[in-house]
**Q** 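Before I ask anything, let me first share the structure, which is written out below as structure tokens.
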2 protein chains.
Amino acid sequence: MPGIDERDREILRILRSNGRITLTELGKKVNLSPASVKSRLEKLERLGAVKGYSAVIDPAFLGNPVTALIFIRLKDVDPYTRSMLRELASLDNVEFLYLKTGDHNVLLKGEFRDMDELREFLKSLKKTFGVNALSIEANLVVEELKNCWLADTHYDSDCGREKDYGKRQRS
Amino acid sequence: MPGIDERDREILRILRSNGRITLTELGKKVNLSPASVKSRLEKLERLGAVKGYSAVIDPAFLGNPVTALIFIRLKDVDPYTRSMLRELASLDNVEFLYLKTGDHNVLLKGEFRDMDELREFLKSLKKTFGVNALSIEANLVVEELKNCWLADTHYDSDCGREKDYGKRQRS
DNA sequence: GCTGAAATTCTGGAGTG
DNA sequence: CACTCCAGAATTTCAGC
């Protein structure tokens, strides 16, 4: 990667594990003034190294206790299909959507209010892709041992009975 | 969810799509003073609704252009296996690790410098789980159409030749 | 990339319904 | 109890170097 040094990468790594750290704190960690960190960060955002910032939310608190992984095998990914996929990606209960190698070429993770909503979603997928979808399969997420680069503040789908070793640090 | 109202959920949704929004801005969006937003947010963090904050980083800029989805079928998930999984989750090239229903009961997403590193990783997985791993399969992520609840600022693994319709908004 | 000063935001406590 | 207001502290931001 041209124009990116180890300082920049360190900034990216820190920001990945603590997205709300202040520029001042970040500056202390990488031995740079807040202003310098800011200008580097602006560069990194401009270059697309930083896609955005997000809070990691337990979907149960948003009324979506059912998380599913959905695998789709598409016969071909033509421009028309891509527009469908783009639309799918824009849904606000879809966390991620990947094109991948392997038996199924699409993987999607979504949140649902209940099994009925998941069923409806699958039905609409079938309708959307029609004969182009050679196979659609859904798995339920039973437990998230890790999500999104955060440290061990893990949780269960059935409401964290886990020991709370280590509060998140923001200082 | 007891003790969580629509205001709280709105805060969670906003924070999920913009993790670095300021309390003042957030307050404007939900018609609350910064101080109130702060106390609600503290409650939400205490309850575990907010797991943490993260920047979404293009792994290529960290020297890991290869992203893989790895499926594992474990014969059983006993306490010993769980400790292995926890260790796996703690690796800093592992983005997520789920237990799930279906043919393979573990799904992992990881970043790698190159194919060799991926191969080594798979080999170490085989060694770690031994005969308990009935199957280990790896797929490559070809394209991320969506990742982590951010809007359409999508990118390709092979360095964004995509049209840049829509800059990320932070205000 | 740093400094310094102005603008903005954060934060904790007192006060209100 | 949840909220607002307010003042001091911290952070962000931008100019100039």
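Chain A is the first sequence line, chain B the second, and so forth, proteins listed ahead of strands; every chain is numbered from 1.
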**Q** How many Å lie between CG on A:Leu26 and P on D:dT13, as a whole number?
**A**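 Roughly 13 Å, once rounded to whole Å.
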**Q** Is B:Ser33 close enough to D:dC3 that one of its side-chain N or O atoms is under 4.0 Å from OP1 or OP2 there?
**A**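 Result: no.
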**Q** Please state whether the rings of B:Phe96 and A:Phe96 are parallel, tilted or perpendicular, taking 30° and 60° as the class boundaries.
**A**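 B:Phe96 vs A:Phe96 ring planes: parallel.
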**Q** Reckon B:Thr24 touches a base, only the sugar-phosphate, or nothing at all at heavy-atom distances under 4.0 Å?
**A**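 Counting heavy atoms under 4.0 Å across all strands, the contact made by B:Thr24 is with sugar-phosphate only.
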**Q** Under the 3.5 angstrom rule, does the side chain of A:Lys100 hit a backbone N or O of A:His104 as a donor-acceptor pair?
**A**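 Yes; judged by distance alone, with no hydrogens or angles, the pair exists.
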**Q** Using atom CD of A:Glu45 as one end and atom P of D:dT13 as the other, report the distance to the nearest whole Å.
**A**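 Spelled out: CD on A:Glu45 to P on D:dT13 is 10 Å.
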**Q** Taking only side-chain N and O atoms of A:Arg40, does any of them lie within less than 4.0 angstrom of OP1 or OP2 on C:dG1?
**A**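 So the side chain of A:Arg40 is within the cut-off, an N or O lying under 4.0 Å from OP1 or OP2 of C:dG1.
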**Q** Salt-bridged, B:Lys38 to B:Glu42, with N to O below 4.0 Å?
**A**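 Salt bridge: yes.
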**Q** Between B:Leu41 (CG) and C:dT9 (P), how many Å, whole number?
**A**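 The distance from CG of B:Leu41 to P of C:dT9 comes to 16 Å, rounded to the nearest Å.
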**Q** Here's a test of your reading of the structure: between A:Glu42 and A:Lys28, which maps to the more 5' nucleotide of DNA chain D?
**A**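 The residue whose closest nucleotide sits nearer the 5' end is A:Lys28.
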**Q** Send over the distance from A:Glu25 CD to D:dT11 C1', rounded to a whole Å.
**A**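 Answer to the nearest Å: 11 Å.
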**Q** Could you work out, with ring pair (Phe, Tyr, Trp, His ring centres under 6.0 Å) as the rule, every residue matching A:Phe129, not counting sequence neighbours?
**A**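 Counting only residues at least two positions away or on another chain, A:Phe129 forms no ring pair (Phe, Tyr, Trp, His ring centres under 6.0 Å).
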**Q** May I ask you to verify if any side-chain N or O of B:Ser36 is less than 4.0 angstrom from the OP1 or OP2 atom of D:dT4?
**A**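 For D:dT4, OP1 or OP2 has a side-chain N or O of B:Ser36 closer than 4.0 Å.
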**Q** How many Å lie between CG on B:Leu32 and P on D:dA2, as a whole number?
**A**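 B:Leu32 atom CG is separated from D:dA2 atom P by 12 Å.
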**Q** Please classify the nucleic acid contact of B:Thr22 as base, sugar-phosphate, or nothing, using heavy-atom distances under 4.0 Å.
**A**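 Contact class for B:Thr22: sugar-phosphate only.
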**Q** Identify whether A:Leu91 and A:Ile72 are in the same connected component of the hydrophobic contact network (ILVMFWY, side-chain heavy atoms under 4.5 Å).
**A**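 Yes: a chain of side-chain contacts under 4.5 Å links A:Leu91 to A:Ile72.
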**Q** Please tell me if B:Lys38 has a side-chain N or O lying less than 4.0 Å from either OP1 or OP2 of C:dT11.
**A**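 For B:Lys38, the contact criterion (side-chain N or O under 4.0 Å from OP1 or OP2 of C:dT11) is met.
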**Q** Counting distance only, does the side-chain N/O of A:Lys126 pair as donor-acceptor with the main-chain N or O of A:Ile136 below 3.5 Å?
**A**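 No, A:Lys126 side chain to A:Ile136 backbone: no donor-acceptor pair under 3.5 Å.
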**Q** The side chain of A:Leu23 is closest to which nucleotide in this list: C:dC2, D:dT12, D:dC3?
**A**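 My answer, after comparing the listed nucleotides, is D:dT12.
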**Q** Rounded to whole Å, please give me the gap between CZ in A:Arg20 and P in D:dA10.
**A**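 About 19 Å, once rounded to whole Å.
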**Q** Tell me, yes or no, whether the heavy-atom count around A:Glu6 atom CD, taken from other residues, nucleotides or ligands under 6.0 Å, exceeds 12.
**A**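 Counting other residues, nucleotides and ligands, CD of A:Glu6 exceeds 12 neighbours.
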**Q** Can you figure out which of D:dC3, D:dT13, D:dC5 approaches the side chain of B:Ala35 most closely?
**A**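 Of the options given, the side chain of B:Ala35 lies nearest D:dC5.
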**Q** Considering the terminal five base pairs at each end of the helix from C:dG1-D:dC17 to C:dG17-D:dC1, what angle separates the two local helix axes, rounded to 10°?
**A**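 Computed from the C1' atoms at both ends, the axes differ by 30°.
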